[in-house]
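Proteins come first, then strands; the chains are lettered A, B, ... in the order of their sequence lines, and each starts at number 1.
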Amino acid sequence: MELTRRQLLKMGLLSVCGTVIPISALEIFKPDALASLVHPFSKKKRWAFVVDTTKCMGCGMCAKACKLESDIPFDTEVQRTWVERYVQLKTGEVIIDSPRGARYGFTANDPQGRELKDEDVTKGFFVPKLCNHCEKPSCVQVCPVGATYKTDDGVVLVDRKWCIGCGYCITNCPYFARFFHPIYNVADKCTFCYQRITKGLNTACSDACAFGVRKIGKLYDPDSEVFKIITTQRVAVLKPEFGNEPHVFYLGLDDIVK
Amino acid sequence: MEAIQAHGALWSLKEMYTYPNEYIYWTIHIVIYPYITGLVAGAFVLSSLYHVFGKEELKPVSRFALLFSFALLLIAPSPLLFHLTQPQRSIHIMMTPHFYSAIAAFTIVYMTYMAIVLAEIWFVFRPFIVGQALEKKGILGLIYKVMTLGSYDVSEHALHVDEKITKILAFVGIPAAGLLHGYVGFIFGSVKTVPLWKTPLMPFIFLMSAIISGVAVCIFTYLIVMFVSRRFICKNTIRSMCKVLSLFLVIAFLLEGIDLVFHAYTAEESWGILSEVIFERFGFEVIFIQWIMGMIVPMIMLMLPNVGLPRAFIASTLVLIGVFMMRWDVVIGGQSMSRSLAGFLTYKIPIIPNSIEAFKEGPIPVVILLSAPFILLFIFNKVLPVFNDITSEEDCYATPEKPS
Ligand code: SF4
Ligand code: SF4
């Protein structure tokens with residue numbers, strides 16, 4: 001009879017190992033997944049973005065166009081791209097706001113609803129934001145089911161049919177580029193208008209910008225304006241300390257930008 | 001037409017500058033998920049103390065702690081189902097686990113641990129099950145017959161082997177319990193965007209608070225059950241549990257202290273706003289409930305000599321509340337400072353269930369989830385009784401390991 005118990009133990013052990021090992025084998029030996037841990041700054045052609053903040057007027061047309069292009073309800077308070085306003089006062093105080101993600105534009109000189117006198121302000125500017133399509137996306141790293149992934153040409157996307165809606169990726173994006181889609185209830189974010197750029201078109205936001213603030217193009221592509229700007233001008237990325245290697249490059253960034 | 005509300009807008013209040021997409025995405029269910037998982041680990045460790053280290057005084061509660069840990073374990077993942085926006089897809093975690101994610105491996109750790117606990121329960125209760133299977137008729141008899149799994153051997157030798165296996169399982173179970181819970185801590189510790197969570201100490205902090213809460217819940221439940229059913233309560237057992245509790249309380253307190261001092265001393269960019277969260281916005285929750293009432297007061301109560309039953313009961317209740325508050329402070333507090341470091345979010349749990357989302361995220365599921373392990377324990381106890389009929393202090397350790 002003792003045999004039965006021994007067999008039982010064996011069976012238990014086997015069934016645990018039997019489920020665990022095959023599942024893990026699939027994942028652990030995937031070369032891509034391994035490479036993602038040690039990947040150097042990639043040398044392959046991949047999509048990147050340039051934002052020239054010095055030209056931004058805060059009209060918010062990009063944010064509006066983005067909402068219209070994607071299928072996110074216009075008046076729900078989530079944004080794939082948004083514009084922030086930074087105002088620094090003589091006192092050193094910095095006021096930041098982005099009313100309704102700026103999809104209606106900045107129409108008055110009233111950051112955070114405060115009345116400001118022109119002479120109190122030392123500097124003020126706008127910073128458009130979007131998903132940085134990081135080379136080492138911390139959002140992809142934490143997705144338990146692999147529903148969010150990076151394409152070969154560097155764009156980070158979400159598989160709406162696979163996302164379980166845990167919100168781990170949303171929490172682990174340093175830029176808060178992600179949110180839950182109000183209708184599909186899955187993680188959502190800027191896609192660099194993948195449906196457009198892969199057909200040779202511009203992103204909706206860059207088409208909508210009258211001031212030439214936003215540019216999409218490929219790195220290591222000699223014909224791309226984006227690549228030229230990044231290699232010849234002084235660009236910076238947001239929050240480099242997180243090690244995500246963001247691929248949205250900014251001209252005219254300031255250290256008060258969050 | 002009114003705009004559809006963003007997920008999170010219902011319970012997040014924003015102040016100053018927060019990113020447009022910034023809401024409190026991890027809510028009450030992410031508070032009770034590590035809470036219940038912690039109770040599992042603590043209860044299991046308590047039961048192992050008897051099996052592995054032969055702490056005789058803990059014998060009267062070791063079976064109870066084991067079975068309770070199983071009841072808690074069954075409920076542990078369910079808060080996640082309330083949390084997910086696509087719960088029907090939770091099976092995807094098993095289908096395509098992405099092992100760089102801390103949540104993905106949870107299933108595997110969980111299953112392994114479940115197997116260990118189930119096996120240990122079977123070996124511990126086997127003589128009893130066999131006895132009942134031979135004796136009882138009808139449905140109950142059938143249940144016991146199934147539970148024997150065809151093994152009726154209760155000879156001296158077989159029981160001896162059982163005991164050995166139990167010891168091994170209890171031994172292996174300790175690191176597994178540690179892994180299970182340390183791992184839950186890692187889910188938070190690995191979120192690099194939340195300054196309060198980003199510390200390598202997180203798994204250990206979670207583990208220690210898990211053990212104290214688990215031991216406390218055992219003291220709490222055991223005392224209530226024994227008191228209500230008017231059974232004799234072994235003082236030495238309670239005292240021994242209190243000793244374990246106070247020991248781990250000290251470690252937990254030190255770890256949390258080190259973490260805080262480290263944050264304050266290195267004073268990174270985020271410390272300004274982080275300290276505002278800890279000392280002002282969550283001042284009452286963190287300092288008063290979590291530290292003073294949840295750790296310092298019970299620590300003193302348990303360390304003073306001659307711990308009696310009322311004191312044990314009050315101390316363990318305080319620890320339970322304190323650890324719950326700690327989970328709350330970590331999860332909600334962590335997210336209440338904006339990632340822009342320039343604003344705050346306040347969490348308001350939706351009380352009125354006027355929509356599915358409001359119901360899911362409201363207090364009703366919380367109450368159900370928190371009481372479920374007790375209900376399960378009640379049911380399990382009908383089949384595998386764990387509360388012994390003891391009449392005197394000497395009886396406590398003399399209870400024979402055979403069907404009672
Ligand atoms: S910006 Fe955020 S969402 Fe976009 S790729 Fe980077 S981590 Fe992911
Ligand atoms: S919310 Fe969806 S995409 Fe994001 S981590 Fe969870 S399963 Fe992955």
Side-chain angles (χ1 to χ4, degrees), chain A residues 1-2 4-5 8-9 12-13 15-16 19-20 23-24 27-28 33 36-37 73-79 82 84 94-98 100-101 112 129 138 141-147 162-168 170-180 182-183 185-186 242-243 258, chain B residues 3-9 16-23 25-26 80 83-87 89-90 92-104 106 108 111-112 115 118-119 122-123 126 149-153 157-158 161-162 165 187 190-194 335 339-343:
Chain A
M1 268 299 139
E2 203 187 306
T4 331
R5 278 175 292 137
L8 180 91
L9 263 188
L13 211 66
S15 50
V16 170
T19 2
V20 173
I23 301 180
S24 21
E27 203 44 48
I28 285 177
S36 76
L37 287 180
F74 195 82
D75 271 324
T76 301
E77 295 302 332
V78 286
Q79 296 284 127
W82 67 96
E84 294 170 353
V94 179
I95 311 174
I96 316 168
D97 72 343
S98 179
R100 318 207 73 183
Q112 295 276 7
K129 295 225 178 137
S138 49
Q141 186 187 20
V142 296
C143 178
V145 297
W162 208 250
C163 167
I164 58 172
C166 63
Y168 208 173
I170 302 177
T171 318
N172 208 27
C173 167
Y175 312 96
F176 247 114
R178 291 178 167 249
F179 51 88
F180 277 124
I183 295 170
N185 280 317
V186 290
F242 283 102
K258 299 291 185 184
Chain B
I4 303 174
Q5 219 179 15
H7 180 92
M16 310 209 288
Y17 186 63
T18 56
Y19 294 118
N21 299 328
E22 192 162 15
Y23 298 103
Y25 284 95
W26 280 5
L80 285 182
H83 166 73
L84 299 182
T85 61
Q86 303 286 350
R89 293 184 186 165
S90 49
H92 291 183
I93 300 188
M94 313 259 286
M95 290 160 78
T96 54
H98 179 243
F99 283 111
Y100 296 102
S101 162
I103 292 184
F106 177 77
I108 287 162
M111 271 168 29
T112 314
L118 269 178
W122 190 69
F123 281 108
R126 219 176 55 83
L149 300 175
S151 163
Y152 285 88
D153 184 359
H157 173 69
V161 174
D162 277 3
I165 297 178
I187 293 181
S190 62
V191 174
K192 60 179 169 187
T193 60
V194 180
Q335 296 172 92
R339 310 297 205 279
S340 68
L341 306 185

A side-chain contact here means heavy atoms from C-beta on lying under 4.5 Å apart; do B:Asn21 and A:Arg178 qualify? no

Heavy-atom side-chain contact between A:Val78 and B:Tyr23 under 4.5 Å: yes

Given that the side chain runs from C-beta out, which part of [X] has a heavy atom under 4.5 Å from chain A: side chain, backbone, both or neither?
X	answer
B:Gln5	backbone
B:Thr18	neither
B:Ser340	both

Contacts of type salt bridge (Lys or Arg N to Asp or Glu O under 4.0 Å), residue B:Arg89, not counting sequence neighbours: none

Any sub-3.5 Å donor-acceptor pair from [X]'s side-chain atoms to [Y]'s backbone N or O?
X	Y	result
B:Arg339	A:Lys258	no
B:His83	A:Cys166	yes
A:Tyr168	B:Ile187	yes
A:Thr76	B:Ile4	yes
B:Thr85	A:Val186	no
B:Thr193	A:Thr171	yes
A:Gln141	B:Tyr100	no

Least distance between heavy atoms, [X] atom then [Y] atom:
X	Y	result
B:Thr96	A:Val145	OG1-O, 3.0 Å
B:Met16	A:Gln112	C-NE2, 3.3 Å
B:Pro20	A:Gln79	CB-CG, 4.2 Å
B:Ala342	A:Ile96	CB-CD1, 3.9 Å

Rounded to the nearest 0.5 Å, how far apart are NZ of B:Lys192 and CZ of A:Phe242? 7.5 Å

Can you tell me how far apart CH2 (A:Trp162) and CE (B:Met95) are? Round to the nearest 0.5 Å. 4.0 Å

Is [X] in contact with chain B via its backbone, its side chain, both, or neither, using a 4.5 Å heavy-atom distance?
X	value
A:Tyr175	backbone
A:Ala147	neither
A:Pro73	side chain
A:Ile95	neither

Residue set satisfying ring-ring contact (aromatic ring centres under 6.0 Å, His included) with B:Tyr19, at least two apart, ordered chain then number -> B:Tyr17

With chain B, the option among A:Ile164, A:Asp75, A:Ile183 that has the most non-hydrogen atom pairs under 4.5 Å is A:Ile164

Heavy-atom pairs under 4.5 Å with chain B: which of A:Pro174, A:Pro182, A:Ala177 has the most? A:Pro174

